[in-house]
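As the structure is a prediction and not an experimental result, all values here were calculated from the model. Counting starts at 1 for both ligands and their atoms, following the listed order. Keep in mind that the numbers below use all heavy atoms, side chains included, and drop hydrogens, waters and symmetry copies.
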Amino acid sequence: MSELDARPGANGRTPLDRTPEWAALGKHRSELGELHLRELFAADPERGRRYTLQVGDLHVDYAKHLVTDRTLDLLRALAEATDVAGLRDAMFRGEKINTTEDRAVLHTALRAPRDAVIEVDGENVVPAVHAVLDKMGVFAEKVRSGEWTGHTGKRIRTVVNIGIGGSDLGPAMAYEVLRSYTARDLDVRFVSNVDGADLHEAVRDLDAAETLFIVASKTFTTIETITNATSARDWLLTGLRAGTDAVAKHFVALSTNAEGVADFGIDVANMFEFWDWVGGRYSYDSAIGLSLMIAIGPEQFREMLDGFHLVDEHFRTAPPEQNVPLLLGLLGVWYGAFFDAQAHAVLPYSHYLSKFTAYLQQLDMESNGKSVDRDGNPVGWQTGPVVWGTPGTNGQHAYYQLLHQGTKVIPADFIGFAEPVADLLPGLVAQHDLLLANFFAQTQALAFGKTPEEVAAEGVPAELVPHKTFKGNHPTTTVLAGSLTPSVLGQLVALYEHKVFVQGAIWNIDSFDQWGVELGKVLAKRIEPVLLTGEGTEALDSSTAELVARYRALRGR
Ligand SMILES: O=P(O)(O)OC[C@H]1O[C@H](O)[C@H](O)[C@@H](O)[C@@H]1O
């Protein structure tokens, strides 16, 4: 037995790359060799029909993946050996599966029906979830109807959400996605960056008397958010020429930290609560979604939650062969481990999903960007990929070149909708077929390419044939839904949440902590006073010391 074999597995587990299931997949991969999607489709005319699954409104086609029935069996065997279902059930039961923070992981409770019972430390959390949703609903309706007025009695015309990371990306993404469902007489803006330019641009054309700030921070200690909130308060009070008593009508908070909220000067009566068992990147269906609820109304927010819940139930109960998050998770594991794929593209064919991939970057990369297992041992396998992408049609005229003819394996998700959004101008509806034609054409081109023989047969000069050849064999998933409704958005997000879960479970990492973001925060705190005073540069490394000196010189210090 080698030293590696004796390495203790997390939770008594055999390290992933030492399991027979992993070895079987490795062997299978070498047997497949350079197998081409063209051959797989030629061998099975039913492949396009057989390799599809349905969850809720989402039709998921995985036929254009480099897998056979045997691959899928072996991958499911890996999921079984790593007890994905066991960890999933523990999550849904409210067990503290976030071991490094000793916390339950219960974003699924945020969308559970009112009569569900989910316990954390012996207490059913569902009534509290619904109490907050109800309180949010009452408040959202007051703002929407104009009943909630600012300090001077004017109704609110603009809501500005101040938050960062999970307290920004979710609501900002969803607001964009559901724009056609939003109240047209109310604008919602999002400020996240500690660069003062962000807040400046968000408020420069606003009337303080008609502006409501939502300060969103799970911890209420995040320096960017507290700094921006403090500046926003100064802007408000200056604009209103009022004292701090005006704050109550213009500031509400979304947080787990009541003390922090009170210290900031926001009345805790104007605080919407959530709990430490909701991870920041899993939180936009909690109180963190208040700005979105104000925009789309409580009813449509509820529809979105029902969409989440539908996929939760699917993930919890569907058999492995039909379980879509399980399948998508396994495909990612397959490419990372056996094709050395480093990246994963998410390419929506919907303008409204323009912020969707940015949202997924936090969800996926903060969850699975880990290199030690749950017991702290270094992992010997690939974990989370680099997630990237923008709306597909724009990408086609920019970076798709690399997808089609570059040297990298980049599995991609294509997401599209059959119906254009409801209130599109009639003249623009006709454009939808063109959009969808591109959507379908791209996965076809990526999968099947164009052979040198096909290129030559078009009369292309021999020296240009290699340049005009498309080798194809680039794997893609296509997700097609009828239309982009609040429920469909919830379904999509839950699908990705659980896909990320499956991968973390197999890789045996804690997908719910994020220690990797801490070091930079500590160092920034140390460097900030040095920028002001110039004292302490000797404690810095020579590169940083030089940069700080240059910065100070440029600022005339
Ligand atoms: O909501 P907050 O406590 O302000 O946290 C905002 C964000 O900042 C942190 O640094 C974490 O990396 C994120 O997971 C979190 O979403």
Trainee: Show, in sequence, the C-alpha distance, side-chain angles and deciding distance for Phe356 and Tyr496, and conclude whether the ring pair (Phe, Tyr, Trp, His ring centres under 6.0 Å) test is met.
Mentor: CA-CA 11 Å; Phe356 190 65; Tyr496 279 97; 5.7 Å; yes

Trainee: Charged N to carboxylate O below 4.0 Å: is that the case for Arg103 and Asp510?
Mentor: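 Judged by the 4.0 Å cut-off on N to carboxylate O distance, Arg103 and Asp510 do not form a salt bridge.
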
Trainee: Partners of His498 by ring pair (Phe, Tyr, Trp, His ring centres under 6.0 Å), sequence neighbours excluded?
Mentor: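 With neighbours one apart ignored, the set is Phe315.
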
Trainee: What side chain to side chain donor-acceptor pair (under 3.5 Å) pairs are there with at least one residue in residues 242-271, not counting sequence neighbours?
Mentor: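 Qualifying pairs, neighbours excluded: none.
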
Trainee: Could you pull out every N or O of ligand 1 that sits under 3.5 Å from a protein N or O, with the distance for each pair?
Mentor:
residue: ligand 1; atom: 1 (O); partner: Ser167; partner atom: OG; Å: 2.6
residue: ligand 1; atom: 1 (O); partner: Lys218; partner atom: N; Å: 2.7
residue: ligand 1; atom: 3 (O); partner: Ser217; partner atom: OG; Å: 3.4
residue: ligand 1; atom: 3 (O); partner: Lys218; partner atom: N; Å: 3.3
residue: ligand 1; atom: 3 (O); partner: Thr219; partner atom: N; Å: 2.8
residue: ligand 1; atom: 3 (O); partner: Thr219; partner atom: OG1; Å: 2.6
residue: ligand 1; atom: 3 (O); partner: Thr222; partner atom: OG1; Å: 3.4
residue: ligand 1; atom: 4 (O); partner: Ser217; partner atom: OG; Å: 2.6
residue: ligand 1; atom: 4 (O); partner: Thr222; partner atom: OG1; Å: 2.5
residue: ligand 1; atom: 10 (O); partner: Lys521; partner atom: NZ; Å: 2.8
residue: ligand 1; atom: 12 (O); partner: Glu366; partner atom: OE2; Å: 2.6
residue: ligand 1; atom: 14 (O); partner: Gln362; partner atom: NE2; Å: 3.4
residue: ligand 1; atom: 14 (O); partner: Glu366; partner atom: OE1; Å: 2.7
residue: ligand 1; atom: 14 (O); partner: Glu366; partner atom: OE2; Å: 3.4
residue: ligand 1; atom: 16 (O); partner: Gly166; partner atom: N; Å: 2.8
residue: ligand 1; atom: 16 (O); partner: Gln362; partner atom: NE2; Å: 3.3

Trainee: Grab the two heavy atoms, one from Gly289 and one from Phe301, that are nearest each other, plus how far apart they are.
Mentor: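 Smallest interatomic distance, heavy atoms only, reads O-CE1, 3.6 Å.
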
Trainee: Listed by chain and number, what are the side chain to side chain donor-acceptor pair (under 3.5 Å) partners of Asp306, not counting sequence neighbours?
Mentor: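 Partners of Asp306 by the side chain to side chain donor-acceptor pair (under 3.5 Å) criterion, ordered by chain and then number, come out as Arg302.
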
